[in-house]
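Remember, predicted model here, so these are calculated numbers, not experimental data. Below, read A as the first sequence line, B as the second, and so on, with proteins coming before strands; counting in each chain starts at 1.
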Amino acid sequence: MASLQPVRGTHDILPDEIRRHRHIAAAGLRVAEGYGYGEMATPIFEFSEVFSRTLGDSSDIVTKEMYSFEDRSGDAITLRPEGTAGIVRALISGGLSQHLPLKVFYQGPMFRYERPQKGRLRQFHQMGVELLGVAEPIGDIEVIAMAAQVLSELGILGATTLELNSIGDTESRTAYRKALVDYLSAYREKLSKDSLARLERNPLRILDSKDAADRKILEKAPLLSDYLNAESAEIFAAVCAGLDRLGVAYQLNPRLVRGLDYYCHAAFEFTSETLGAQGTVLAGGRYDSLVATMGGPDTPGTGWAAGIDRMALMLKDMPMEKRPVAVIPVSSSMEAEALRLSQELRHDGFAVDLGYRGNLSKRLKRANKLSAAAAVLLGEDEMAKGSVTLRDLDTGEQEVIALKNLQARLSAFH
RNA sequence: GCGGGUGUAGCUCAGUCGGUUAGAGCGCCAGAUUGUGGAUCUGGAGGUCGUGGGUUCAAUUCCCAUCACUCGCCCCA
């Protein structure tokens with residue numbers, strides 16, 4: 001067992017669980033298409049530069065979490081740690097900026113070299129949307145409303161809270177950063193070690209420190225919202241008003257910041273209490289400077305990403321999969337006919353389980369375990385008259401029915 | 001990357017103050033039932049006690065290391 005195990009932080013996704021994943025991704029795509037977004041897939045690896053340039057040097061993702069390697073030609077390659085950078089790279093290298101606004105949905109595995117725990121894996125799955133080329137607040141509103149709808153259709157919106165904040169434009173943020181650093185510098189002695197390091201590197205991050213002493217100090221710290229310039233404040237007010245109009249509930253959280261450097265203005269997170277330390281289910285925000293940072297034409301963007309594995313943990317009721325029909329030869333002489341009939345029914349669109357062996361009793365047991373809706377019993381006596389026995393596995397009632405009427409009768413079970 | 005906890009059957013877990021054949025429930029397989037499932041009864045298979053090393057006459061049990069999971073931190077979906 002020790003010698004043959006999956007790489008740390010990865011695991012096999014068995015049929016039961018992958019059904020949840022598909023259900024989630026399908027809901028995401030369905031909702032996104034309703035907003036006019038199309039699915040797009042970018043490679044799961046890129047030149048390392050794509051990520052190191054976009055995520056920002058202060059990000060831990062870049063400094064210690066990237067799955068990077070050199071390929072045979074000596075190129076520095078990184079398994080994607082998130083989805084936005086690849087989409088933006090595609091926008092630039094594929095000339096997609098000719099077709100703005102670009103509205104895309106994506107979904108797939110991401111990789112981060114982190115210490116695994118519940119809801120945090122080294123290979124995990126995200127889905128997300130990006131809206132590029134729309135600077136207006138209506139873009140943020142649309143994207144957030146879409147997120148709420150996805151969660152709602154999955155039945156987990158009620159288990160989450162939407163937290164919302166604005167981190168303003170660069171001017172606002174710079175002013176605030178200075179005020180915050182000035183304030184916190186007075187408490188250098190009392191700050192936690194982590195926060196002290198962040199004071200130099202990424203002071204805004206101190207705002208969501210979980211350290212008790214830090215939190216106490218932060219109670220009287222200046223608020224980001226007080227440092228938004230007029231334009232930033234107006235933009236944020238418009239976003240809030242739009243969400244109000246759509247009935248999307250949110251909670252303002254002045255301490256909400258973003259981990260990645262490229263965000264500005266509206267930042268949001270749907271969080272849940274049920275996931276332990278990894279409370280964030282879906283998160284996003286605006287990133288107006290990202291495309292230009294990567295060398296593309298100045299293009300505003302907004303979007304979000306959601307953790308599929310995390311949502312799967314929250315998903316309680318899975319819709320029943322298509323219940324199969326069991327085709328059962330009563331005696332071995334009927335096996336050939338059972339095979340033929342199964343094939344016919346499958347071509348007609350039924351999910352058919354043809355047990356591979358066993359007597360009638362065994363096969364019925366198996367059908368029961370598969371939660372088959374009905375069993376078609378092929379017995380010699382009925383077959384001689386061109387009939388089969390159809391058994392309703394929920395009620396136990398059965399009837400003899402002519403083969404030619406079977407398909408129509410079976411349809412009633414679905 | 002840092003700190004704590006846990007690793008015994010497919011799953012959930014007992015147990016061994018170090019001592020002969022390591023247990024239960026669920027699940028699985030078979031029989032009772034060679035043309036009738038869900039219930040019940042009977043029987044069976046399945047374990048290098050995570051891995052490696054140390055101490056010992058003897059280690060699944062004690063010690064160390066390591067790996068994995070888990071809780072928290074960092075960070076993040």
The test is side chain to side chain donor-acceptor pair (under 3.5 Å); show your working for A/Q398 and A/T389 and say whether it passes. CA-CA 7 Å; A/Q398 60 184 47; A/T389 297; 5.1 Å; no
Distance between the P atoms of B/C41 and B/G27, in whole angstroms? 11 Å
I need the A/Q107 CD to A/H21 NE2 distance, nearest 0.5 Å. 10.5 Å
Give A/A367 one of three labels, base, sugar-phosphate or nothing, depending on what nucleic acid heavy atoms sit under 4.0 Å from its own. nothing
Side chain of A/E65 - closest among B/C28, B/G35, B/C75: B/C75
Result of checking A/L243, A/N253, A/V248 against A/L164 for side-chain contact (heavy atoms from CB on, under 4.5 Å): A/L243
Quick one: label A/N359 by what it contacts on the DNA or RNA (base, sugar-phosphate, nothing), any heavy atom closer than 4.0 Å. nothing
Can you tell which of B/G37, B/C71, B/A30 lies closest to the side chain of A/K362? B/A30
Just checking A/V281: base, sugar-phosphate only, or nothing, at a heavy-atom cut-off of under 4.0 Å? sugar-phosphate
Heavy atoms from C-beta onward define the side chain here; which of B/C29, B/A77, B/U70 lies closest to that of A/R115? B/U70
Could you check which of B/A68, B/G35, B/G38 has an atom nearest any side-chain atom of A/Q5? B/A68
Taking the six-membered ring for Trp, are A/Y183 and A/Y187 parallel (under 30°), tilted (30 to 60°) or perpendicular (over 60°)? tilted
Look through every strand shown and name the nucleotide pairing with B/C76 as Watson-Crick or G-U wobble, where both distances are under 3.5 Å. none
Please measure how far the P atom in B/C49 lies from the corresponding atom in B/U61, and state the result in whole Å. 9 Å
Would you indicate what A/R8 reaches in the nucleic acid, counting non-hydrogen atoms under 4.0 angstrom: base, sugar-phosphate, or nothing? sugar-phosphate
Quick one: does any side-chain atom of A/Y35 pair with a main-chain N or O of A/V143 as donor and acceptor, under 3.5 Å? no
With rounding to the closest Å, how many angstrom separate the C1' atoms on B/U33 and B/G43? 16 Å
Paired nucleotide for B/C26 [Watson-Crick or G-U wobble; both distances under 3.5 Å]: B/G10
When you get a sec, tell me which of B/C73, B/G35, B/G37 is the closest nucleotide to the side chain of A/S361? B/G37
Say you pick atom P in B/G31 and the same atom in B/U36; how far apart are they, in whole Å? 14 Å
Using only atom types and a distance under 3.5 Å, with no angle test, would you say the side chain of A/D214 pairs donor to acceptor with the backbone of A/S192? yes
In whole angstroms, the gap separating C1' of B/C11 from CG of A/L14 amounts to 13 Å
Using a 4.0 Å heavy-atom cut-off, does A/D381 contact any base of the nucleic acid, only the sugar-phosphate backbone, or nothing at all? base
Between B/U56 and B/A30, how far is it from one C1' atom to the other, in whole Å? 45 Å
Classify the side chain of A/R391 versus the base of B/G37 as yes if they form a donor-acceptor pair under 3.5 Å and no if they do not. yes
Would you indicate whether the side-chain heavy atoms of A/Q123 and A/M110 approach each other to under 4.5 Å? no
Nearest to the A/K365 side chain among B/G37, B/U36, B/C73, which nucleotide is it? B/G37
Does a nitrogen or oxygen in the side chain of A/K193 sit under 4.0 Å from OP1 or OP2 of B/C73? no
base_contact_polar (B/C75 base, A/R198 side chain, donor-acceptor, <3.5 Å): no
Write down the distance between CG (A/D208) and P (B/C75), rounded to a whole number of angstrom. 7 Å
Residue met sooner reading RNA chain B from 5', once A/R310 and A/A372 are mapped to nucleotides: A/A372
What is the distance, to the nearest angstrom, from the CD atom on A/E269 to the C1' atom on B/A77? 9 Å
Which whole-number value in Å describes the distance from A/R122 CZ to B/U70 P? 12 Å
Looking at B/C2, B/C75, B/C69, which one has an atom nearest to any side-chain atom of A/P116? B/C69
Remember a base hit wins even if backbone is also touched, and classify A/L377 as base, sugar-phosphate or nothing at under 4.0 Å, heavy atoms. base
P spacing across the pair B/C2 / B/U21, given as an integer number of angstrom: 42 Å
For A/G119, answer base if it contacts any base atom (sugar-phosphate contacts may also be present), sugar-phosphate if it contacts only those atoms, and nothing otherwise; contact means non-hydrogen atoms under 4.0 Å. base
Would you classify A/E114 as touching base, sugar-phosphate or nothing, given that sugar-phosphate means primed atoms plus P, OP1 and OP2, and contacts are heavy atoms under 4.0 Å? base
Could you please name the option among B/C76, B/G37, B/C28 that lies closest to any side-chain atom of A/L393? B/G37
Quick check on RNA chain B: between A/H125 and A/T389, whose nearest nucleotide comes earlier from the 5' end? A/T389
Donor-acceptor pair, side chain of A/D348 and main chain of A/F350, under 3.5 angstrom: no
Could you work out the separation of B/G7 and B/C64 based on their P atoms and round it to a whole Å? 16 Å
B/A32: pairing nucleotide in any strand, Watson-Crick or G-U under 3.5 angstrom: B/U40
Which part of the nucleic acid does A/L121 contact within heavy-atom distance under 4.0 Å: base, sugar-phosphate only, or nothing? base
Round to the nearest Å and state the distance from A/F268 atom CZ to B/A77 atom P. 11 Å
At under 4.0 Å between heavy atoms, what does A/G9 touch on the DNA or RNA strands: base, sugar-phosphate, or nothing? sugar-phosphate
What verdict does the side chain to side chain donor-acceptor pair (under 3.5 Å) test give for A/Y250 and A/D244, after you've listed the backbone C-alpha separation in whole Å, the side-chain angles of each residue and the deciding distance to 0.1 Å? CA-CA 9 Å; A/Y250 58 88; A/D244 291 339; 3.0 Å; yes
Rounded distance in Å - CE (A/M383) to P (B/G35): 16 Å
A/D16 has an atom CG; how far is it from atom C1' of B/G10, in whole Å? 14 Å
Can you tell me the Watson-Crick or wobble partner of B/C62, both distances under 3.5 angstrom? B/G54
Among the nucleotides B/U36, B/C75, B/C2, which one has an atom lying closest to any side-chain atom of A/Q398? B/U36
Rounding to the closest angstrom, what is the interatomic distance between B/C11 and B/G72 at atom P? 24 Å
Between B/G35, B/C76, B/G38, spot the one nearest the side chain of A/N368, thanks. B/G38
Taking atom types as they are modelled, would you say the side chain of A/E382 forms a donor-acceptor pair with the base of B/G35 within the 3.5 Å cutoff? yes
Give A/D214 one of three labels, base, sugar-phosphate or nothing, depending on what nucleic acid heavy atoms sit under 4.0 Å from its own. nothing
Suppose we define a pair by two distances each less than 3.5 Å, Watson-Crick or G-U wobble; what does B/G47 pair with here? none
Criterion side chain to side chain donor-acceptor pair (under 3.5 Å) on A/T174 and A/R177, from CA distance to verdict: CA-CA 5 Å; A/T174 304; A/R177 181 180 287 121; 4.8 Å; no
Using a 4.0 Å heavy-atom cut-off, does A/K210 contact any base of the nucleic acid, only the sugar-phosphate backbone, or nothing at all? base
A/R112 CZ to B/C75 C1', in whole Å, measures 8 Å
